[in-house]
S.K.: 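Here's a structure for you.
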Amino acid sequence: VKVKAISLSWFRGASSPVSLELDGRSTVIYGMNGSGKSSFVDALEYVIRDGRIEQLAHEYSGKHLEKAVPNTHKPAGDKAEVSIKFSGTQEARIEATENGAANGSGSMLAPMRTWEYRRTILRQSEVVAFIQNTKGEKYSALLPLLGLNEMEVAAENLHQLARTVESVRTLESSKATLRRDIADRTAIFGSSTDVDILQKIEHLHSSYCPGKVGSKDGKSRCADLKSSIEAKISQLDAEQKQLFVLRNVAALDIGNQVQKVRAASVRLSDTAQPFIAEKISVLQSADNLLNKLTTEIEILCPACGRSIQLEDFREHVAVELEQLGGIRDTFNERKDAMDNLCEGVKALKSNVRKPEVKSWRDALAKDTFEQPLSFLDEINADSLRASCNEEVLKDIEGKLQPLVNAATSASATAPPDVQRYWDDMKIIQAANAAFKAGPLAEEVKAIETLIGILNQLEQATREEIRLRSQSVIDEISEDIRDMWRILHPATPIENVHLYVPTGTDKAIDIGLTFFGKEQRSPRLTLSEGYRNSLGLCIFLAMAKREAGNDRPVFLDDVLVSMDREHRGMVVELLEKKFNKRQVVIFTHDRDWNTELRAQLSDGSWQFKMLRPFENPEVGISWANEKVPFDEARSKIKDHPASAGNDARKTMDCELAIIAEALRLKLPYLRFEKNDKRMAHEFLERLMADGKKCFKKRVEKEFVNNEEAIDTLKSADELLVSWGNKASHSFDIVPAEASKLIEACEKALASLRCAGCERLVSFAKTSNGTQCECGGLRWE
Amino acid sequence: MSREQQEGHRLDWVASALANAKPKTPSGYEEVWTRLELLLRGELSKRPLPAGELKVAATELASTIFPAQTVPEAEK
């Protein structure tokens, strides 16, 4: 996919339609700050992100960027729109409507929206973003490249599925029932086995149900016994029936149940207090850690100020989880006590309401039990499962226990038959619970196993993600290392790579070797310039992986903090690794633009220049000149000294590159001064050597190019007089600045062939250089 | 297993995850695994499931180890 043109109309800095004609080629666009370079990048982002430009989204830009996207001086009725053309008639078109909604059309609109912004565009402010991201953010940024999104979704769904099975199968409730059944069994049968209990039931069965065959399993036997005893109770007289029910009430252990809830609450409180204190401490540490995690993996201990490894903090959290396990047991104990109390109160309520005890109840009501009986009628027993404060406990203890005591007194004279039926009924109920406990225990175990399977599968999926992430990021790391070696061939910063930190999920980080020492983050040692070049390598490595050699990449002023040497290497990097991709570079750096033009002079790249921005109505416009004197020219009227200074700086840079290509012999200067020579120095050498070396073809002969030498001399004289004045005393008038710029332009033009438009340094010959057509030679 | 099969197996994350997790569970859960494999190759990998769909999936999964007659009281 190659972009042919990006056209803007009243979009950002653009006014009337302006088009960046790329023709599917790699291109360098130079323009000073504010000239409108980023408007083209914004346009691409606007299309890719469906009407969104991240850096413009703020409180003043409007919900749909309607205050930021259109040119501030857009005439009413005109449209703010973007068109991106591809080969053939393919196009993506998008209009920012008045209310900010982005209306898109064109065959390439949908495909462009699948482009990943972070692998297509790199802006100056985003170069180090990946490095500064947290491990989790790095993972998220890489996730689409890893191709593991469906595994991530599956792992999270498995996690949620396990929690849902737990709730759908009421696991906690089943476990509580099981605990109660086991407690009832122990109370009646002690440590007797199931066989012992069944024998006891068989014995009762032969006594109550003589001759009845039926099923011999425990639960059926219990059902037979229950029916038989209920039949016998129904034959009792009214007084005996009342005594049987009162015996039920007397057996309720309300007071003891209240005490158990109270004791469990105290234990929970005792356990919870240090836990809460610990939790606060952990949360404070975690807060500190989280703040620090965006930068480093080590944190300063909030207590002692020492540096703590993340691993140590994990141990801290593990201790907390262990404590949580302990507190959960205490919590369950209290919950069971509350459940038991609830069941006790419900049983009391149910028995006291029975018609068999109506006369007893009426008698109590006439006595001093009116209030306790009203309390019993009104109390919502089920609410005790959720909340049971001391006030309620006191009420239960003070009002309901006396009712139980009254029933105990009244049933003390129960005849032996009634007592026996009651005792046997208790045995049958406990046996029935014991027989049910087995299957229930199996069911609880099965639910726990199922949840365990889901947890194991989630972990196995996460492990797969980890393995596969590592495999993909190893490949990306290889590209990063290659690119880093090109940019920094002799630097003892090596083995730059992405890695999956141990013991964490959804995390990726960057490691490297710094002068032989392994570093777990580039932020520990790398300078800003190195971090920038690493950020560029990472972007390019990910862009390379994203779409192979297909989609274009756009670099918007990304080399600001790189020095000249490393900037030069970027071209080598792009030519080696991105020679089949369309690369579009936007830069405000005049020197780098000049260097790029020299380095990429074989015609594979094209160069464009934006005029300085005048005002929103004029908008973005293109310059026609081959060298960037436009910038200087724009300042002649208001800032002539600055214009003169710009012209001199342009000459410094242009001549340095030409001098290098012509292999001019210049005296050695110390260190970086070699790279900071002035135009005057180059011109002197060009003139001196040029008298013998610079030839031009006149018909079939090559003659000395005296005319060019004169032109260089004129420029040199003006640079020495006015150029230096412009730089140092600022004492230069517009006419002088204009004449200086014109002389400089002519000087550079004299080194360029009028026929083929190439510099005399364009191609090497056996004894020097020449332009493309051979009309100019340097011998 | 041929090299091609091994490569295919390595690329099949569902098979690989199942193979890693399965040996750690007791026998008798074969149907659970079969159903889980189907789920992983289908709905579970497509999008985050909403609560309603999770409940359906959880109930179906549990039904493979709890036939209808043993559904606990709380379910009825």
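Letters A, B, ... mirror the listed sequences (proteins, then strands); counts begin at 1. Just so it is clear, the model here is predicted, and its values are computed rather than measured.
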S.K.: Between B/L40 and chain A, which part of the residue has a heavy atom less than 4.5 Å away: side chain, backbone, both or neither?
M.R.: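 When you check distances to chain A, only side chain atoms of B/L40 fall under 4.5 Å.
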S.K.: For the candidates A/A154, A/A162, A/P439, which exhibits the highest count of non-hydrogen atom pairs separated by less than 4.5 Å from chain B?
M.R.: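 Counting heavy-atom pairs under 4.5 Å, the top option is A/A154.
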S.K.: So for B/L49, is it side chain, backbone, both, or neither that comes closer than 4.5 Å to the heavy atoms of chain A?
M.R.: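 Looking at B/L49, backbone and side chain both touch chain A.
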S.K.: Ion pair present between A/K335 and A/E172, side-chain N to carboxylate O less than 4.0 angstrom?
M.R.: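 The answer is no: the pair does not qualify as a salt bridge.
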S.K.: Of the backbone (N, CA, C, O) and the side chain (C-beta and beyond), which part of A/Q160 lies under 4.5 Å from a heavy atom of chain B, both, or neither?
M.R.: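 The answer is both parts of A/Q160.
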S.K.: Between A/R179 and A/D339, does at least one N-O distance fall below 4.0 Å, as a salt bridge requires?
M.R.: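 Salt bridge between A/R179 and A/D339, a charged N being under 4.0 Å from a carboxylate O: no.
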S.K.: Under 3.5 Å, is there a donor-acceptor pair linking the side chains of A/E463 and A/Q459?
M.R.: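 There is no such pair (donor and acceptor under 3.5 Å, judged by atom type) between the side chains of A/E463 and A/Q459.
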S.K.: Under 3.5 Å, is there a donor-acceptor pair linking the side chains of A/Q470 and A/D474?
M.R.: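 Indeed, the side chains of A/Q470 and A/D474 share at least one donor-acceptor pair under 3.5 Å.
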S.K.: Quick check for you: among B/R47, B/K46, B/K22, which has the greatest number of heavy-atom pairs under 4.5 Å with chain A?
M.R.: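 The answer is B/R47.
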S.K.: Heavy-atom distance under 4.5 Å to chain B: side chain of A/L454, backbone, both or neither?
M.R.: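 Side chain only.
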S.K.: Hey, is NZ on A/K445 packed in by over 12 heavy atoms from elsewhere, all under 6.0 Å?
M.R.: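 Not more than 12 within 6.0 Å, no.
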S.K.: Identify which of A/T461, A/L158, A/I453 forms the greatest number of heavy-atom pairs closer than 4.5 Å to chain B.
M.R.: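 Heavy-atom pairs under 4.5 Å are most numerous for A/I453.
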S.K.: So, A/E116 and A/R545, do they make that salt bridge, N to O below 4.0 Å?
M.R.: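 Not counted as a salt bridge, because no side-chain N and carboxylate O are separated by less than 4.0 Å.
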S.K.: As an exercise: rank A/V165, A/T177, A/I465, A/L467 by heavy-atom pairs under 4.5 Å with chain B and give me the winner.
M.R.: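 When all of A/V165, A/T177, A/I465, A/L467 are compared, A/V165 has the most.
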